[in-house]
Amino acid sequence: MSPDSRRGLMRDIALQVPFLAWLIVLWMLVWNQFTVLALVTGLVVAIFVTRVFRLPTVELSGRINLWYGALFVTQFLWAVLRGALAVTVQVFDFRHQPGAAIIGVPLRYADDLIMTHVSITSSLIPGSLVVEADRDRGILYLHVIGVRNLDDVEQQRQAVLRWERRIIRALGSPAQYRALKADERAGGER
C-alpha cells in the first residue's frame, strides 16, 4: 500500500468516525442499554451498515461557531413556538381558509450537508414542509400554509434563506462563511 493511498484510507476513516459514533449512540438508544455489550454490538452493526449500505463520504466543514450555534437554537425554538401558534390560529379561524402554496427557494451557499440542514429546519417549523429538494440546482420546494398573496410567498422564501444564512454562520465551511460575509459586505444579504 502506497503512502498516498494509506493517507487517503486514514482520512476516510477519520471522516467516518463521527457517523460511526452517532450510529453506536443511536443503537444504544434504540435498545435503551448503555452497556459494554451494547457498545460492542453497536460498533459491529455500525461497521456493517456503513460497509454494506455504502454512501459517499460526506465531508463535514470542521467549523462550528458556538455563539452562532446557540443563537440558531434559540431562534429555531422561537420560530417553532411562533409557527405552532400561527397554525393554531389559522386552524381555529373559521372565517378564513388559510392559503397554501408550493414555493421554490433557490439556496445560495448550500452543498448537500447545508441543504439537508436547511430542509430539516424548514420542515420542523410548523406551517411549512419540504416536498422536494433539487440537489443539482440547489432548490428546495416547500409546501407552506398561511399565504394569501405574492408578498406572503416572498416572506416565506426570505425566511428559508435566513435559515440558510444562520446555518452557514453556525457550521458552514470556511469558504461558505467567507462567501456569506462577502455578500453581507456588498449589501446583498442581511
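Keep in mind that the numbers below use all heavy atoms, side chains included, and drop hydrogens, waters and symmetry copies.
The shortest heavy-atom contact between Ala101 and Val153 is CB-CG2, 4.4 Å. A pairwise comparison of heavy atoms in Ala100 and His143 identifies CB-NE2, 3.8 Å as the closest pair. Taking both residues in full, the closest heavy atoms of Gly146 and Pro98 are given as N-CB, 4.4 Å, listed atom of the first, atom of the second, then distance. Between Ile114 and Leu171 the shortest heavy-atom distance is CD1-CD1, 4.2 Å. Taking each heavy atom of Pro106 and Gly104 in turn, the nearest pair found is CD-O, 3.7 Å.
When the side chains of ILVMFWY residues are joined at heavy-atom separations under 4.5 Å, either directly or via intervening members, Leu124 and Val87 end up in two distinct hydrophobic clusters. Linking Ile, Leu, Val, Met, Phe, Trp and Tyr residues whenever their side-chain heavy atoms come within less than 4.5 Å leaves Val130 and Ile145 in two separate clusters. Under the 4.5 Å side-chain heavy-atom criterion for Ile, Leu, Val, Met, Phe, Trp and Tyr, Leu20 and Val44 are members of distinct hydrophobic clusters. Linking ILVMFWY side-chain heavy atoms closer than 4.5 Å, directly or via other members, places Val144 and Val80 in a single hydrophobic cluster. Put simply, Leu129 and Val147 are part of two different groups of oily side chains (I, L, V, M, F, W, Y) that touch within less than 4.5 Å, one to the next.
No side-chain heavy atom of Leu71 sits under 4.5 Å from any side-chain heavy atom of Arg166. Taking 4.5 Å as the limit, every side-chain heavy atom of Asp134 sits out of range of all side-chain heavy atoms of Leu140. Here the side chains of Asp183 and Tyr109 are in contact, with some heavy-atom distance below 4.5 Å. With a 4.5 Å cut-off on side-chain heavy atoms, Leu142 and Val160 count as touching. At a threshold of 4.5 Å between non-hydrogen side-chain atoms, the residues Leu113 and His117 count as touching.
Hydrophobic cluster of Leu85: the remaining members, joined at side-chain heavy-atom separations below 4.5 Å, are Trp78, Leu81, listed by chain and number. Hydrophobic cluster of Val131: the remaining members, joined at side-chain heavy-atom separations below 4.5 Å, are Ile102, Ile139, Tyr141, listed by chain and number.
Contacts of Asp112 classified as salt bridge (Lys or Arg N to Asp or Glu O under 4.0 Å), with partners at least two apart in sequence or in another chain: Arg135. When the ring pair (Phe, Tyr, Trp, His ring centres under 6.0 Å) test is applied to Tyr68, no partner is found at least two apart in sequence or on another chain. Applying the salt bridge (Lys or Arg N to Asp or Glu O under 4.0 Å) rule to Asp151 yields no partners; only residues at least two apart in sequence or on another chain are considered. Every residue meeting the salt bridge (Lys or Arg N to Asp or Glu O under 4.0 Å) condition with Glu154, not counting sequence neighbours, appears here in chain and number order: Arg157.
In this structure, Arg162 CZ and Thr121 OG1 are separated by 13.5 Å, a value rounded to the nearest 0.5 Å. With rounding to the nearest 0.5 Å, the separation of CD1 in Ile125 from CD in Gln75 is 10.0 Å. With rounding to the nearest 0.5 Å, the separation of OG1 in Thr41 from CD in Gln33 is 8.0 Å. Put simply, CG on Leu23 and CE on Met28 are 13.0 Å apart, with the number rounded to the nearest 0.5 Å. Here the CG-CH2 distance, from Leu39 to Trp27, works out to 12.5 Å after rounding to the nearest 0.5 Å. Rounding to the nearest 0.5 Å places CD1 of Ile168 at 12.0 Å from NZ of Lys181.
Side-chain atoms of Glu164 never come within 3.5 Å of backbone atoms of Leu107 as a donor-acceptor pair (strictly under, hydrogens ignored). Remark: side-chain polar atoms of Asp152 are paired, donor with acceptor, to backbone N or O of Arg148 under 3.5 angstrom. Between the side chain of Gln176 and the backbone N or O of Ser173, at least one donor-acceptor pair lies under 3.5 Å. Within the 3.5 Å criterion, the main-chain N or O of Ser123 finds no donor-acceptor partner in the side chain of Ser128.
In Leu150, the CG atom is not crowded: 12 or fewer heavy atoms of neighbouring residues, nucleotides or ligands sit closer than 6.0 Å.
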Discussion item. Run the side-chain contact (heavy atoms from CB on, under 4.5 Å) test on Leu161 and Arg165 for me, step by step, so that the C-alpha distance in whole Å, both residues' side-chain angles and the decisive distance to 0.1 Å come before the verdict.
Written reply: CA-CA 6 Å; Leu161 292 174; Arg165 291 190 300 271; 3.8 Å; yes
Discussion item. Please evaluate residues His96 and Gln90 with respect to the criterion side-chain contact (heavy atoms from CB on, under 4.5 Å), reporting the C-alpha separation (whole Å), side-chain torsions for both, the decisive distance (0.1 Å), and the verdict.
Written reply: CA-CA 8 Å; His96 299 100; Gln90 290 171 5; over 6 Å; no
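Between Phe92 and Phe94, the ring planes lie perpendicular to each other; the angle is over 60°, past the 30° to 60° tilted range.
Side-chain contact, Tyr177 with Asn65: no donor N or O sits under 3.5 Å from an acceptor N or O. For the residue pair Trp163 and Ser122, no side-chain donor N or O sits within less than 3.5 Å of a side-chain acceptor on the partner.
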